[in-house]
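Everything below concerns the one structure shown next.
Note that the structure is predicted; figures quoted are calculated from it, not measured.
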Amino acid sequence: MGYKRLRRGIAVLALVLLALPAVPGTALAEPTYPFRDPHLPVNARVDDLLGRLTLDEKISWLHQYQPAVPRLGIGLFKTGTEALHGVAWSTDIDNNGAVVKARGTSFPQPVGMASTWDTDLINRVGSAVGDEARGYHAQNPRVWGLNLWAPVVNLLRDPRWGRNEEGYSEDPMLTAAISTAYGSGMTGGDPDHLKSAPTLKHYLAYNNEIRRDVTSSNVPARVLNEYERAAFKPALAADAATGVMAAYNLINGRPATVDPDLATVVRGWTDQPLMNVTDAWAPNNLVASQGYYATQAEANAAIVKAGLNSFITDDTNAQPTVTAIKQALATGLLTEADIDARIREILNVRFRLGEFDPGGGRYGGITPDVINSPEHQRLARQAAGEAMVLLKNSRQALPLDPARTRKVAVLGPLADTLYTDWYGGDLPYEVTTFDGIRERLGTSASVNALDGADRIALKDPATGRYVTATGTTDADPVAATGTTASPEAQFDVVDWGQDVVTLRNAANGRYLGYNWGPFVTRDAQPNGWYVQQQFKLEPQDDGSVVLRYVGYETKESWFAPEKYVTVGDDGALKLGASTPADATHFSREVISSGIDRAVAAAKAADTAVLVVGSNPFINGREAHDRTSTALSAGQEALVKAVVRANPRTVLVLQTSYPVTTTWEQEHVPAIVWTTHAGAETGHAVADVLFGDRNPSGRLTQTWYRSDGQLPPDLLEYDIISSGQTYLYSTAKPLYPFGHGLSYSRFRYGQARTGDRPVAADGTITVSVDVTNTGSRAGAEVVQLYTHQRTSRVKTPNRALKAFQRVHLAPGQTRTVTLRVPVADLAHWDVTRSRWVVESSTHDLMVGASAEDIRARTAVRVRGETVPARDLSRTTRAENFDRYAGVRLVDETKPRGTAVGATAAGQWIAFAGSALRPGAHTFTAKVARAGADAGTIQVRLGSPTGRLLGTATVPSTGDDYRYVSVSAELARAAGTHDVYLVFDSPVRLADFSIR
């Protein structure tokens with residue numbers, strides 16, 4: 001304490017001395033403010049600068065574009081440069097917020113990076129991304145800010161989520177490890193001097209895109225703490241991030257944009273100030289789509305008080321934000337102290353970034369030379385290689401022998417194409433799978449590429465004219481004017497699933513797209529926020545086809561009903577029909593069969609390498625979920641035909657999510673999975689296929705056998721009750737969590753741990769000998785899972801608690817030691833709203849995946865026994881043990897969670913409740929917006945069990961107006977499961993039985 005007082009005194013003295021006027025007679029110079037002195041403590045510098053800002057200046061800094069303050073020599077500061085797997089893009093305030101794409105090093109999509117299970121590698125990747133962010137910042141600091149919006153920490157609960165590629169894993173422990181590694185690399189590892197300032201996305205419980213701004217994630221207390229929050233806390237606690245971005249969705253009835261966690265729980269995970277941001281336009285949603293507040297002033301005041309610092313809204317126009325904040329101040333919804341608290345946190349991050357230090361501080365000397373440097377290219381190749389997962393390898397089909405593999409057919413829609421994604425930059429160069437294999441085998445080998453697409457022409461029977469491309473600009477419309485099926489009238493059709501196809505012109509290689517009027521062949525790839533290169537060719541009874549436009553904007557409510565293509569008298573294509581009957585019926589002429597050409601090529605080759613999968617702009621993406629994880633029908637037909645033609649076929653699945661490939665698993669000799677892995681994809685694929693890299697990637701998600709193994713509703717967030725992810729699912733997967741093969745074999749010895757029980761504050765240590773019994777050096781990912789045998793609650797089937805990558809030479813044995821703090825075995829005790837380590841025996845399972853357990857042991861943990869519930873105390877309704885039908889809702893707009901019944905027969909249950917002998921009164925805090933009265937029944941044992949009494953809930957006229965109600969109960973002493981059964985819509989905040 002004495003040291004802190006001394007340090008504070010020195011800081012104050014320094015401020016006083018620095019603020020004194022210059023000695024008369026000295027040379028005139030720019031003012032030297034204390035906030036520019038890097039030798040002062042950060043808090044002292046923040047205090048000094050905060051005190052020099054006017055109220056208007058402070059308010060202006062709440063918008064994403066924090067304007068310059070010329071009188072203090074302060075420039076523009078911008079929150080938000082996208083950097084999910086490399087610096088991707090930013091926006092230009094000097095060009096109306098136009099998106100500016102980066103062309104730096106491109107690393108694998110995050111789900112691929114996590115598949116390396118290599119935290120050291122991911123830390124190096126994060127460091128490279130931080131370096132390149134600094135390099136771009138040095139080029140143009142007005143475009144390229146140092147607040148990076150990454151990583152995405154949302155858990156990959158359901159592979160149908162459209163943004164699956166942005167996350168890491170369905171497991172919170174693995175997600176935390178990878179995000180902490182990536183974030184630590186981006187920050188530079190020194191919390192006091194930031195290379196860049198990562199922001200974790202998106203807090204919280206965000207796994208659906210459809211109507212994401214108005215859907216509420218129903219997250220009971222255990223799921224909230226054990227699963228959702230558990231993924232976010234570690235990176236913040238390790239100072240590997242400088243804030244979070246609030247999600248679009250509602251959480252238990254309250255918009256995430258005003259989640260009180262942002263000012264309380266989240267900030268409690270670290271000693272460092274955080275700079276939290278909204279998602280784009282989310283502040284406006286509070287008044288518009290969500291209707292949560294009547295005015296923007298109320299909404300903005302709530303955002304500030306909830307703990308958010310930066311309003312990402314209205315593009316570059318800060319005025320609406322500033323106006324609403326000033327209205328909130330004028331009406332007493334906010335105080336200047338509220339503004340100061342948020343600006344103080346912003347300043348802390350800006351100071352740690354070195355903005356006010358000479359030369360930009362510790363990292364200010366990084367130059368643009370680092371962008372896409374050879375060193376970073378090599379790192380990208382390593383990351384892409386380690387990310388690849390060998391799913392199957394029967395009869396040693398892989399690795400291929402380059403000496404014996406002299407004729408290779410590289411086939412499929414991704415054979416000679418690399419795709420970017422919405423949160424990736426432009427590729428500075430491209431090495432496709434075809435390129436990588438051709439380079440690996442050299443010029444003496446025969447390597448050919450075919451995409452396996454049908455080449456067709458569409459003719460308007462009424463005129464005999466063909467749909468024909470006329471150029472590659474917006475001024476070159478596609479029209480049914482061609483007299484022959486020339487190359488300009490030919491299109492390659494690729495099936496991406498659910499009957500959605502793309503049509504690539506054979507003459508110019510560009511994709512047919514709708515451009516808000518004319519149809520054009522302008523784009524080299526499907527792209528943009530509204531992906532306009534999507535169509536369906538719908539067969540008609542007369543043998544013709546109609547062309548239905550299915551670009552993403554057609555799913556918007558404002559899009560006109562005319563989605564079918566018609567041909568005008570001048571041959572121009574337009575959206576002129578709302579039904580197939582009124583559309584132009586085209587004849588579909590097949591110029592050549594893609595499958596026939598692929599089969600011929602496969603038969604003539606020593607080996608066929610078939611590359612199929614997804615397009616990141618089509619198969620789900622931000623604002624668009626998937627309805628299925630199946631491989632497209634067209635691509636599956638291609639796989640089956642090629643495998644029949646050449647049994648020496650290797651399948652490369654290149655997707656952003658798990659796919660259902662049960663037939664392929666049964667019939668294809670070797671299957672490799674990679675995500676869209678950036679510019680070095682082709683080198684990485686060739687490295688693995690030819691054995692230059694021994695595959696070591698492991699799945700971070702369960703791959704299911706069918707969509708039927710997933711919940712019917714993507715919005716089912718309660719993984720415990722619904723049995724989701726490897727933690728709680730009992731379904732037999734296609735490939736389990738943690739699965740991945742190697743060209744080596746690894747033998748596990750016995751698992752060893754201490755014989756004595758371990759205390760709740762102790763550490764469990766498990767050791768196992770792992771031997772490489774193969775002839776190649778390789779890496780094994782040793783995974784430790786635990787299972788608690790007895791508990792008052794449902795516990796996971798198994799849960800990952802530790803892992804370690806081990807590199808072993810042929811014949812080498814290493815002892816792998818894995819440590820688990822007993823505190824990591826705790827679960828959230830809903831009876832007391834705290835973490836608890838129960839006394840129980842825990843199985844310790846060591847192996848190569850969640851299903852491939854090689855060694856087992858067990859340990860006894862000395863914890864505690866959760867006592868019976870005491871319902872005589874006021875009990876929060878949200879802390880139920882089981883439920884049916886009810887939803888969790890916001891108790892009030894600022895804070896609190898209540899239970900909301902929506903229909904008769906819904907219930908909540910409180911297990912193991914001790915009722916006192918004299919207890920005979922049920923008291924509840926309730927609200928009911930409906931006009932009539934409702935009831936809550938108190939029953940024992942089941943929803944239809946013994947009725948103790950019924951409480952009448954009067955209309956309160958408002959969901960947020962609560963009253964206390966009581967009911968006399970029949971006496972029922974002892975320990976029981978108590979059920980509260982609702983007869984109609986009612987909100988219950990808390991209750992007691994006394």
Side-chain angles (χ1 to χ4, degrees), residues 80 82 84 109-111 114 149-172 175-176 178-179 198-220 223-233 235-236 241 243-262 265-266 276-283 285-286 289-290 292 303 306-308 312 422-423 620-626 656-657 701 710-711 713-719 722 724-725 887-888 890 897:
E82 300 293 354
L84 197 60
Q109 291 178 309
V111 69
W149 287 349
V152 169
V153 186
N154 298 109
L155 294 160
L156 305 183
R157 171 185 60 87
D158 191 312
R160 294 171 297 187
W161 182 34
R163 301 180 74 168
N164 192 90
E165 71 265 21
E166 296 183 35
Y168 292 128
S169 173
E170 69 187 53
D171 180 79
T175 294
I178 299 297
S179 60
T199 300
L200 306 181
K201 300 199 294 187
H202 311 79
Y203 195 88
L204 186 72
Y206 169 45
N207 279 132
N208 66 280
E209 297 302 303
I210 302 301
R211 303 181 71 237
R212 58 184 176 172
D213 57 323
V214 294
T215 55
S216 180
S217 304
N218 201 62
V219 189
V223 180
L224 177 66
N225 287 283
E226 296 175 23
Y227 194 64
E228 298 292 350
R229 285 174 175 166
F232 279 82
K233 178 180 178 179
L236 291 171
V244 302
M245 174 184 284
Y248 281 120
N249 55 289
L250 291 80
I251 307 164
N252 294 340
R254 180 181 294 104
T257 309
V258 289
D259 187 348
D261 275 11
L262 299 168
V265 174
V266 171
N276 298 328
V277 306
T278 74
D279 210 332
W281 294 84
N285 291 345
L286 290 169
S289 62
Q290 293 167 343
Y292 204 68
I303 291 170
L308 284 158
I312 317 303
W422 180 250
Y423 286 106
R621 198 208 70 196
E622 185 169 358
H624 300 279
D625 292 313
R626 283 174 284 277
S656 303
Y657 52 91
Q701 290 178 268
L710 293 166
D713 188 356
L714 179 62
L715 291 173
E716 178 54 81
Y717 278 81
D718 182 355
I719 67 165
S722 60
Q724 292 183 65
T725 76
R887 302 286 295 177
L888 289 164
D890 50 336
T897 300

Across all chains, not counting sequence neighbours, the side-chain hydrogen bond (donor to acceptor under 3.5 Å, both in side chains) partners of Y248 are D279
Nearest atoms (heavy-atom pairs only) where L888 meets N218: N-OD1, 2.7 Å
Worked check of side-chain contact (heavy atoms from CB on, under 4.5 Å) between M245 and T278: CA-CA 5 Å; M245 174 184 284; T278 74; over 6 Å; no
Should L236 and V266 be marked as a side-chain contact (heavy atoms from CB on, under 4.5 Å) after you check the CA-CA gap, both sets of side-chain angles, and the distance that decides it? CA-CA 8 Å; L236 291 171; V266 171; 3.7 Å; yes
Enter the distance from R621:CZ to R163:CZ here, rounded to the nearest 0.5 Å. 9.0 Å
With heavy-atom distances below 4.5 Å as the criterion, would you say the side chains of N164 and Q701 are in contact? yes
Side chains of L286 and I303 in contact at under 4.5 Å (non-hydrogen atoms): yes
Output all residues satisfying salt bridge (charged side-chain N to carboxylate O under 4.0 Å, His left out) with R212, sequence neighbours left out; order by chain, then residue number. E209, E622
Nearest 0.5 Å, what's the OG-CG distance between S169 and L156? 6.5 Å
Cation over ring, R626 on Y657, under 6.0 Å and within 45°? yes
If you look only at pairs with a residue in residues 243-256, which of them pass as a salt bridge (Lys or Arg N to Asp or Glu O under 4.0 Å), with sequence neighbours excluded? none
For residues V258 and Y292, determine if any side-chain heavy atom of one lies less than 4.5 Å from a side-chain heavy atom of the other. yes
Pairwise distance OH(Y717) to CG(D158) - rounded to 0.5 angstrom: 9.0 Å
Any cation-pi pair here, K201 with Y423, using under 6.0 Å and within 45°? yes
What distance do T257 atom OG1 and L250 atom CG have between them, rounded to the nearest 0.5 Å? 8.5 Å
pair L200-P151: side-chain heavy atoms closer than 4.5 Å: yes
Closest approach of V111 and S656, non-hydrogen atoms and distance? CG1-O, 4.0 Å
Not counting sequence neighbours, which residues clear side-chain hydrogen bond (donor to acceptor under 3.5 Å, both in side chains) with D718? List them please. S721, Y883
Over all heavy atoms of both residues, which pair between P110 and Y168 is shortest? Give the atoms and the distance, please. O-CD2, 3.4 Å
Mind checking whether H202 and V152 have side chains closer than 4.5 Å, heavy atoms only? yes
T725/Y227 under side-chain contact (heavy atoms from CB on, under 4.5 Å): CA gap, chis, key distance, verdict: CA-CA 11 Å; T725 76; Y227 194 64; 3.6 Å; yes
Could you check whether any side-chain heavy atom of I312 comes within less than 4.5 Å of a side-chain heavy atom of W149, counting everything from C-beta outward? yes
So how far is it from Y203 OH to D259 CG, rounded to the nearest 0.5 Å? 6.0 Å
Which heavy atom in T199 sits nearest to a heavy atom in V244, and how many Å separate them? CG2-C, 3.4 Å
Heavy-atom nearest pair, N208 first then L714, reads CB-CD2, 4.1 Å
Side-chain donor/acceptor of N276 to backbone N/O of G243, under 3.5 Å: no
With the side chain counted from C-beta on, respond yes when R160 and P711 share a heavy-atom pair under 4.5 Å apart, and no when they do not. yes
Would you compute the distance between atom CD of E228 and atom CG of N154 and round it to the nearest 0.5 angstrom? 7.5 Å
Of all the heavy-atom pairs spanning A231 and V153, show the shortest one and how long it is. O-CG1, 3.0 Å
Please check if the side chain of N249 supplies one atom and the backbone of A205 the other of a donor-acceptor pair under 3.5 Å. yes
Can any side-chain N or O of R887 pair as donor or acceptor with the backbone N or O of S216 at less than 3.5 Å? yes
Donor-acceptor under 3.5 Å (N252 side chain, T897 main chain): no
Would you say the side-chain atoms of N207 pair up with the backbone N or O of L155, donor to acceptor, closer than 3.5 Å? yes
Mind checking what makes salt bridge (charged side-chain N to carboxylate O under 4.0 Å, His left out) contact with E716, not counting sequence neighbours? none
Any side-chain heavy-atom pair of S217 and Y206 under 4.5 Å: no
Who passes salt bridge (charged side-chain N to carboxylate O under 4.0 Å, His left out) against D171, sequence neighbours left out? none
